[in-house]
Structures are given as structure tokens and as C-alpha cells.
Amino acid sequence: MCGITGWVSFDRDLRAAEEAAALDAMTETMSCRGPDDRGTWTAAHASLGHRRLAIIDLPGGRQPMTVETPEGAVALVYSGEAYNFTELRDELTARGHRFTTDSDTEVVLRGYLEWGEALAERLNGMYAFAIWDGRHDRLVMFRDRMGVKPFYYWPTSDGVLFGSEPKAVLANPLARPRVTPDGLRELFTMVKTPGHAVWDGMYEVEPGTVVTVDRGGLRRHVYWRLETRPHTDDRDTTIATVRSLLDDIVRRQLVSDVPRCVLLSGGLDSSAVTSLAARQLAESGEKVRTFAVDFVGRTENFVADELRTTPDTPFVHDVAQRAGTLHRDIVLDPDTLADPEVRARMIRARDIPMGLGDMDASLYLLFRAIREHSTVALSGESADEVFGGYLQFFDERARNADTFPWLVRFAEDFGEDSDMLRDDLRRDLDLGAYIRDSYGAAVSGIERLPGESDFEYRMRRICHLHLTRFVRVLLDRKDRASMAVGLEVRVPFCDHRLVEYVYNTPWSLKSFDGREKSLLREATADVLPRSVYDRTKSPYPSTQDPKYAVALQEHARELLARPDHRVFELIDRDLLSRAAAHGAPRVTTASRRGLERTLDLAMWLDLYEPELVLG
């Protein structure tokens, strides 16, 4: 796992000192993503930068990696993992390629030499990489099917800037940190418009897409999309197929030359990954390490609500004992969660203010603690989207609403932070219209099977929206928080083979026992503790300690003491004042969410000093 960046300019000589300094600045913004090594490569019209987190073939995987051909150099900067690189290497060797390293990076580079852009269709993994093809003077940018690894670009008048994160692009003097009303709409709606990067002038390479830049301009080619296909397997065959896929996926994703672990929450998803990993590693006499996040006093003082009916820790320990893992709880206190420095680190990691508060902070702190022991972690992320685990899958309001189903419950479950916006700005942004337009575009291309019932098609649409919109919000959050501390997090449930197979199983199979994630539960029943098998879905944990809300209010009062702060161009000062004045027992979910969003916005404005276009 690494950080990549680069600059293509057909009207400049990028070997000049000023341009070289710009590339160095872009590359250094990726140092957290790649603390082990750095490298740059420059030709007349292309320059590439790389920061490396060494995972496979530690001495042999240095980048940028190049191959000299009679027609010109071909150079690669690569971030991610190709889990089928061994098979591809064997195939390429049979075709006459000779390898000088054991890294998957060289497999990807030589795969491009053999298959060109069609390489993307052969890869199984999570990846974002760019290849400068000096034979044709073109840049080719690839992103994995599910969008596990981030990838951004900024078209210029004579080429393009690109990077793993916006900060790499913004470090170039050609890029301007500017946010228009559409960027603000994206920040406050949680609809994750494909290709939208919030920053004006910047775009994401969309998942499953190859973007090519040459003297003729920029072209996009979609090599993978989630397609509707008939599912003919019966229940037993479907369950067996899911298990077979999971066994293969976990085995592939355990490959590493550095210490690895599993993130364990005590829910079905992470418990399944942990248990399968433990069984496979036991074959070679190895134990799996596991880590879980917890909060001071949470288990003893836990209060059930509609979202979370049980604390995680007892279930975590059941799994750790059953699977025989080397387990550690990472216990966080409210002062650390509310620490402005932690907030600043997460804002820098994400480049935008998402306002998820303690759920962002705790994820960052968990990953930071894990990094002291492991470099690679497997996660249960995305199983809810794949198998249908969220409450909105079973909520009739969400099922029947003509909007993104998670938005139906979001405000009541987590609070509506857009309520903190100034009235005039809220009117101008018209978030409702933005959501309606985005939803219409999102569902317009979802195919329906011949003879598919109205209900099954409605559920297909809900599953599709989660797999193409909602999951990308969470994958981006996971990637940024983990790579901010140099930890690679792998997501077995995002393997495209599993996603395609389960997506096309009818909802009646996904919920055959009337519960969430029926297929996953039965496919892994033999390795799970009974307590986890019977447990209902519980989201990522959030602290219930009132001291956290008190700390938020104190930081808000400090902000209110700065009346000239730019955050008040966006936020209603009176609303913030009321939220900051409540006694701790009266801090509602909505107030807390509004406080978190406001503090994130203020920190972002301080750190990035963006130009805001509000009209």
C-alpha cells in the first residue's frame, strides 16, 4: 500500500527545477501513506512520485518502476494489492516475460506491457495506479472495481495532475483549493456522486474505470460495472458458494511479508473474517492477532437504543476465545476522542470535513494503536452492503421511499447536521433538490430481470445503491484513517466475485430466515460462537459518555469567542450558541452531530484555507 502522485504536461519540460520542486512537494504529502521509502521519476512531459508502505517483497518493490523498450520507457506508480498476482505472474512467465523481483508491482507493470488497458479486467484486488507509456506519450490511470483505493485527478490546459488524495494534487501550484456550492452540497448530503471530489476542478477516477490522457485530451473507459444477471442456484448451493468464495478470498488476503491482524468488533462480519483467518493460519501453526475498539466504562454503563442493543466487548471476547486469537482491546477515553489535535489529524487525512465526530476519531486512534503491532489488517467492512445488513433494508419507509434509503433513517439515528447551516445558505444550496437529482441519476441505469417482481426489483435497487454509493463513503473513510498512520486495511467482502454473486441473489435468499445477512450467517455458522450467530446487527460503536459532549460544547464556546471565524459564513451562530449552552444530559443526538460538524468545518477552514464560492 502506498501513495502515488504525478504530473503530465505536454507544453512544459517537467525536468526543470521549478517543476521538479512541485513534484517533490506533491510526493511528500503522501508520506503518511508510504513511510518506508520514496521515489520520483521524470521525463520531458511526465513526472511520477511515490511513497511506499512495503508489504510484499520489501527490498524488490521500489517505485516508480520502469521498463525500457525500444519505443520508449514505460513507468508505473502503484498503490494497492493484486491478490491474484501469483497466477498472473505464472501466465506472464509462460508468455516470455522475465521477472527481477517477487513483487506484485512488477506483475502489474509487465501485465500492462502484455495486455494494455485490458489488464484491469484480469486483476483481482484493491488498487489505484498510473502508467506513463512513453511509447505513445500517454498516461493511463486505473482504479479497482469497488473503489477501495482512492484516486483523484485535475485536468489542466495541457495535461493532468493526479494523486492518491486531494492533498497531493493541491500541493501543485496549478491547483487551487476552491469549493463551490456543488462541493458544499456533496459535503452535506451523503450521496457520494460518482467522480465528484468536492474540490472545484478535481475529479475522482471512478471505480471500475480507466482514464487515459494524451495530446488528444482525456478519455474514460468503464471496464466493470455492477450488472444484473439471473441467479439459478438453490439455497444450499448459494450458501456453499458464498463459503467457498470467502475461504479463497481470506486466504489470498492473508498473504503478506509483514505482520498482519484482523479488526474485530464482535459483529457477524468481522467475526466471520477472524474465524476463517484463524482456521487458515492454524494450518501453519500461526495465531491471528485481533484488535477491537472500546470506550472507558462502556460495557459496564451501556444503555441500549434502537441502533445498538448490546455492547461489543463481550462478543469480541467470545470470538477471540473461540478462534484462539492474540487479542487486544484498544480502550479510548472521552478527552482523547474530543482532542482538537486528533480532529486535525483526521481532517488532514480526509481532506474534507465529514462531521462524523467520535466515529472518525476512534477509528483513527484504533488504527494508530494497531500500527504499533501490525502493518496489514483485514476488516469486515462492506458486508452490510453486500449481504443486506442495515436497518433500512427492513424498514418499510426506506424500502418505499424514492430517495437514498439510508437518508430516511439518518437524521433520526445520527442527527441532521445541515440544520446548523445559515438559513440563506440552506435555501441557496437546496439540498433536497440535489438529493432528488442524484437519486434519479443513481437508479436510472439499474437493470431489471425479466419477470422480476416489483418487490424484488425494489430490493435490487436498494442493494445497488448501497454497493455503488453508500459503500464508497465508508471505504474512503477507512482508507484515509488507516493510511494516515501507514496501516493497510484489506476488505475481503469487496472482492468483486463475491459482490457480483451475492448482488444477483434475490432478496428472498438474502433474508431467507427473516434476518439480516442470512447467507453470510449460514455460510460461516460452523466457525462462529453461538452468541455471535444469534446477535443482531450493531453499527460501528459510538461513545455514550456525556463527558465527550461536554468537551464538544467547550470547544464550541471557544469557537464562538472568535466571531470573525470563517465558519460563520456557513454556520448559524445562534444555533451553535444554543447547542453549546445545553447541559450535558440535554445534549441531543442532533445537537451533538451539529457540534461535531461545526468543529470539523472550522478545523478544515483553518487547515486548508479554501476559497468558498457561496453564491
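Side-chain N or O atoms of Ser379 include none that pairs as donor or acceptor with a backbone N or O of Leu263 at under 3.5 Å. Side-chain atoms of Arg472 come within 3.5 Å of backbone N or O of Thr468 as a donor-acceptor pair. Looking at Asp144, its side chain does come within 3.5 Å of a backbone N or O of Lys149 through a donor-acceptor pair. Distance alone, capped at 3.5 Å, places no donor-acceptor pair between the Arg298 side chain and the Asp312 backbone. In this structure, the side chain of Glu165 does not engage the main chain of Arg348 through any donor-acceptor pair within 3.5 Å. When atom types are taken as modelled, the side chain of Arg185 and the backbone of Tyr434 share no donor-acceptor pair closer than 3.5 angstrom. Side chain of Ser164 to backbone of Gly3: no donor-acceptor contact under 3.5 angstrom is found. Judged purely by atom type and a 3.5 angstrom limit, Arg515 uses its side chain to pair as donor or acceptor with the backbone of Asp534. The backbone N or O of Asp269 sits nowhere less than 3.5 Å from a side-chain atom of Ser271 that would complete a donor-acceptor pair. Within the 3.5 Å criterion, the main-chain N or O of Asp574 finds no donor-acceptor partner in the side chain of Ser577.
To the nearest 0.5 Å, atoms CD1 (Ile571) and OG1 (Thr598) are separated by 4.0 Å. Taking CG of Leu425 as the start and CG of Asp572 as the end, the distance is 10.5 Å to the nearest 0.5 Å. Considering CZ of Arg422 and CZ of Arg426, their distance stands at 11.5 Å, rounded to 0.5 Å. Put simply, OG1 on Thr543 and CZ on Arg592 are 6.5 Å apart, with the number rounded to the nearest 0.5 Å. Rounded to the nearest 0.5 angstrom, Thr309 OG1 and Lys537 NZ are separated by 11.5 Å. Atoms CG and CG, from Asp358 and Leu332 in turn, are 9.5 Å apart once rounded to the nearest 0.5 Å.
With contacts defined as side-chain heavy-atom distances shorter than 4.5 Å, the pair Leu264/Phe291 does not qualify. In this structure, Trp604 and Arg350 have side chains that are not in contact, with every pair of non-hydrogen atoms separated by 4.5 Å or more. Inter-residue side-chain proximity for Pro150 and Asp476 is flagged as met; some heavy-atom pair is nearer than 4.5 Å. Using a 4.5 Å heavy-atom cutoff, the side chains of Glu516 and Arg521 are in contact. Taking 4.5 Å as the limit, every side-chain heavy atom of Val179 sits out of range of all side-chain heavy atoms of Asp200. Counting heavy atoms from C-beta on, the side chains of Glu227 and Asn504 never come closer than 4.5 Å. Counting heavy atoms from C-beta on, the side chains of Trp406 and Leu465 come closer than 4.5 Å. In this structure, the side chains of Leu552 and Leu599 come closer than 4.5 Å at one or more pairs of heavy atoms.
Checking Arg535 against Thr310 by side-chain atom types alone, a donor-acceptor pair falls below 3.5 Å. Inspection of the Arg469 and Ser438 side chains reveals an N or O donor paired with an N or O acceptor under 3.5 Å. Looking at Thr336 and Asp333, their side chains do bring a donor and an acceptor atom within 3.5 Å of each other. For the residue pair Glu522 / Tyr533, a side-chain donor-acceptor distance below 3.5 Å is found, with atom types taken as modelled. With hydrogens and angles left out, the side-chain atoms of Glu186 and Thr193 include a donor and acceptor closer than 3.5 Å.
Of all non-hydrogen atoms in Asp351 and Trp199, the two that sit nearest each other are O-CZ2, 3.2 Å. Heavy atoms only, all atoms of each residue included: Tyr503 and Leu467 are closest at CD1-CD1, 4.0 Å. The minimum heavy-atom distance between Ala481 and Met346, with the atom names listed, is CB-CE, 3.5 Å. Between Lys510 and Val386, the closest heavy-atom pair is CE-O, 3.9 Å. Considering every non-hydrogen atom in both Tyr152 and Val169, the closest pair reads O-CG2, 4.2 Å. Asn301 approaches Gln544 most closely through the heavy-atom pair O-OE1, 4.1 Å.
With salt bridges taken as basic N to acidic carboxylate O contacts below 4.0 Å, none links Glu596 and Arg593. Between Asp479 and Arg33, at least one side-chain nitrogen of the basic residue sits less than 4.0 Å from a carboxylate oxygen of the acidic one, meeting the salt-bridge criterion. Salt-bridge annotation for Lys192 and Glu204: present, with a side-chain N of the basic residue lying under 4.0 Å from a carboxylate O of the acidic one. A salt bridge links Arg497 to Asp495: one of the charged nitrogens lies within less than 4.0 Å of a carboxylate oxygen. Ion pairing between Arg345 and Glu341 holds under the 4.0 Å rule for side-chain N and carboxylate O. Using a cut-off of 4.0 Å between Lys/Arg side-chain N and Asp/Glu carboxylate O, Lys547 and Asp335 are scored as not salt-bridged.
By the 6.0 Å and 45° rule, Arg597 stacks over the aromatic ring of Phe188. Geometric assessment of Arg143 against the ring of Phe151 yields a negative cation-pi assignment under the 6.0 Å and 45° thresholds.
Residue Glu452 is tested with Arg229, Arg458, Arg460 for a salt bridge (Lys or Arg N to Asp or Glu O under 4.0 Å); the sole match is Arg460. Looking at Val499, Leu520, Ile249 one by one, the single match for side-chain contact (heavy atoms from CB on, under 4.5 Å) with Phe493 turns out to be Leu520. Among the candidates Phe393, Phe512, Tyr457, Phe387, the single residue satisfying the ring pair (Phe, Tyr, Trp, His ring centres under 6.0 Å) test with Trp507 is Phe393.
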Between Arg145 and Arg225, is the side chain to side chain contact (heavy atoms under 4.5 Å, CB included) condition met? List the steps. CA-CA 7 Å; Arg145 294 168 179 84; Arg225 59 170 53 90; over 6 Å; no

Should Leu614 and Glu569 be marked as a side chain to side chain contact (heavy atoms under 4.5 Å, CB included) after you check the CA-CA gap, both sets of side-chain angles, and the distance that decides it? CA-CA 9 Å; Leu614 302 181; Glu569 297 174 33; 4.2 Å; yes

Derivation of the side chain to side chain donor-acceptor pair (under 3.5 Å) call for His231 and Thr238: CA-CA 9 Å; His231 183 85; Thr238 301; 2.9 Å; yes

Give the C-alpha distance, both sets of side-chain angles, the deciding distance and a yes or no for side chain to side chain contact (heavy atoms under 4.5 Å, CB included) between Leu366 and Arg368. CA-CA 5 Å; Leu366 170 65; Arg368 189 173 71 178; over 6 Å; no

Side chain to side chain contact (heavy atoms under 4.5 Å, CB included) evaluation trace for Leu246 with Val273: CA-CA 8 Å; Leu246 286 173; Val273 173; over 6 Å; no

Intermediate values then yes/no, ring-ring contact (aromatic ring centres under 6.0 Å, His included), Tyr203 and His196: CA-CA 5 Å; Tyr203 304 89; His196 205 301; 8.3 Å; no

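Shown here is Arg448, whose CZ atom has more than 12 heavy atoms of other residues, nucleotides or ligands within 6.0 Å.
Here the two rings, on Tyr548 and Phe295, have centers that are 6.0 Å apart or farther.
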